[in-house]
Number of protein chains: 2
Amino acid sequence: MTWRFALLVAPVDAADTRTDFSGTLSVIDPDAPALSVGELSTQRGDGIFETIGVVDGHPQEVQAHLERLAHSARLCDLPAPNLSQWRAAVDRAAAECPAGESAIKLLLSRGVERVATGLEGPTAWVTASPAADFTRARAEGIRVATLDRGLDSGAAVRAPWLLLGAKTLSYAVNMAALREAHRRGADDAIFLASDGYVLEAPTASVILRRDDRFITPEPTGGILQGTTQLSLFDWLEENGHSTDYEHVPAGSLADADGLWLVSSVRLAAPVTHLDGREMPVDAELTAAMNAYLLSPRD
Amino acid sequence: MTWRFALLVAPVDAADTRTDFSGTLSVIDPDAPALSVGELSTQRGDGIFETIGVVDGHPQEVQAHLERLAHSARLCDLPAPNLSQWRAAVDRAAAECPAGESAIKLLLSRGVERVATGLEGPTAWVTASPAADFTRARAEGIRVATLDRGLDSGAAVRAPWLLLGAKTLSYAVNMAALREAHRRGADDAIFLASDGYVLEAPTASVILRRDDRFITPEPTGGILQGTTQLSLFDWLEENGHSTDYEHVPAGSLADADGLWLVSSVRLAAPVTHLDGREMPVDAELTAAMNAYLLSPRD
């Protein structure tokens, strides 16, 4: 049986300044029953999450993930997470991760629905498990299909209740998009807005290259701000490349000088084919990107 | 403590023709841990559900709910549910429901994510609990705010991976829309397509009246086909009214001669105010609708 680790977190107020959170973290059997059927995460996908990559026991970019968790909580009207408590939970889980690559997931649910008493406050848990082996996706690349997300690129600003900038547990559409991509012979998908702009992948950010400029779609609320994309942009700038946020028309993807999907655990996967059409791949640069992304980052 | 009942269902193949499913249904403590943290329902909102109204122990319109569960499963590429097994589970749960109104929920999740072995097949469970008291919503009506759903009315046909006709567990946006409605001083919401057509409410169908015609938005895949709406249309026809499915422009809501949100447990709630503007309410007809909806229906 593959190793796996889980912690139940008893969320404390964001203003709680204690320094020892060990009393609020309970180690549980990750395969045993732990959540009740009244969980709103399971009934309504009503909660938020983060996935953190771990390399040789070091959790990557923890602060950026915690800040995005807090951002998602605000958008979803969830109680503000106590980031010190969540960092303690991440550290506790990371201590269980062996050499090699792992993934830590943070989940904050609206809580358990009680018929008589209403909500009892949020529930939360953290899991750690080995990462899948993404060596091949990083080195040989992935085939990608573009898929219509149905929404226009102005929807996020116009209708914040669509929660487009929040990383919610309601990922059924993201998972369906991956199945549709597989049906089309692709490994992954890129979502397009209905007015023709590039958004994001179901579980990754999109980066394209034009000459020596690296571009990602402007995070105007319609997409998640990618923690790995942010980190990689810093590295690209430090290495003499220029980076930019733009409205990217779908038609410009095929003309790009390079295209990547980047995410916390798979890291940088170069796109070899977009809707069946071959794309240029810079194997050397991609290897350097992944070497950086696999180095300890905070 | 209010009564509550839960069953874990071990899903069997749709082709399984046994007649006794009791060995596949396990009564569990609804408040005790029952689901593992690897549940994809909770991690990804990846599953489907139905909510069935129960009146004096009689579950309403079970066949229509089971058929919609099967329809949702198809749209989500989930294994076809064995409807005889689900009916046995509904009957078992209904037997626990006392006099008065209750709600039975059916949940079918994609299953538990196993790092080493992949998926082990779907998990499923059924809960029963007392219904909230909706006497006031039925008699005195509700205030409703219209909210942009971001999607145009052609999205469902163009992009089936958006799962618009499936009743998935990914309801975070539906819940956020209800919170937005409350912020606007309303009790509930009606979603509008970005091209200006009426869709549905976050957890109900929309019916409007023009003279003696009762109209609901055409179920072209962009909305759920409401079981209560279907049942009520039968009753309206039997009582000499005409009913129709139409593309309903948002602007025509305010001119309607009556407006209702109908759903399995709250039943018919007349809309007294739409975006703050008073709407005509036919209290006598609404009372007759709810008397019908509270009578035993199959």
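Hydrogens, waters and symmetry mates play no part in the numbers below; they use all other heavy atoms, side chains included. Throughout, protein chains are lettered first and strands after them, A, B, ... in sequence-line order, and every chain is numbered starting at 1.
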Checklist entry - Between Leu162(A) and chain B, which part of the residue has a heavy atom less than 4.5 Å away: side chain, backbone, both or neither? => result both
Next on the checklist: Under 4.5 Å from any heavy atom of chain B, what part of Ala32(A) do you find: side chain, backbone, both or neither?
Outcome noted: backbone
Checklist entry - So how far is it from Gln225(B) CD to Glu200(B) CD, rounded to the nearest 0.5 Å? => result 11.0 Å
Checklist entry - To the nearest 0.5 Å, what is the distance between CD (Glu218(A)) and CD1 (Ile223(A))? => result 9.0 Å
Shorter than 4.5 Å, heavy atoms on both sides: which option in [options] has the most such pairs with chain A?
{"options": "Ala177(B), Ala159(B), Cys76(B), Ser194(B)", "answer": "Cys76(B)"}
{"options": "Asp77(B), Leu75(B), Thr42(B)", "answer": "Thr42(B)"}
{"options": "Asp152(B), Leu147(B), Leu163(B)", "answer": "Leu147(B)"}

Checklist entry - OH of Tyr197(B): more than 12 outside heavy atoms within 6.0 angstrom? => result no
Part of [X] within contact of chain A (heavy atom distance under 4.5 Å):
{"X": "Leu164(B)", "result": "neither"}
{"X": "Ala155(B)", "result": "side chain"}
{"X": "Leu107(B)", "result": "side chain"}
{"X": "Gln43(B)", "result": "both"}

Give the member of [options] that has the highest number of heavy-atom pairs under 4.5 Å with chain B.
{"options": "Asp46(A), Leu151(A), Thr127(A)", "result": "Leu151(A)"}
{"options": "Ala176(A), Pro30(A), Ala172(A), Gly45(A)", "result": "Ala172(A)"}
{"options": "Lys105(A), Glu39(A), Arg149(A), Arg179(A)", "result": "Arg179(A)"}
{"options": "Val173(A), Asp148(A), Leu8(A), Asn174(A)", "result": "Asp148(A)"}

Using modelled atom types and a 3.5 Å cut-off, is there a donor and acceptor pairing between side-chain atoms of [X] and backbone atoms of [Y]?
{"X": "Asp56(A)", "Y": "Gly100(A)", "value": "yes"}
{"X": "Ser72(A)", "Y": "Ile48(A)", "value": "no"}
{"X": "Arg110(B)", "Y": "Gly121(B)", "value": "no"}

Item to check | Residues forming a side chain to side chain donor-acceptor pair (under 3.5 Å) with Arg266(B), sequence neighbours excluded | outcome: Asp188(B)
Item to check | Heavy-atom side-chain proximity of Leu267(B) to Phe134(B) below 4.5 angstrom | outcome: no
Checklist outcome for this item: Residue set satisfying salt bridge (charged side-chain N to carboxylate O under 4.0 Å, His left out) with Asp187(A), at least two apart, ordered chain then number -> none
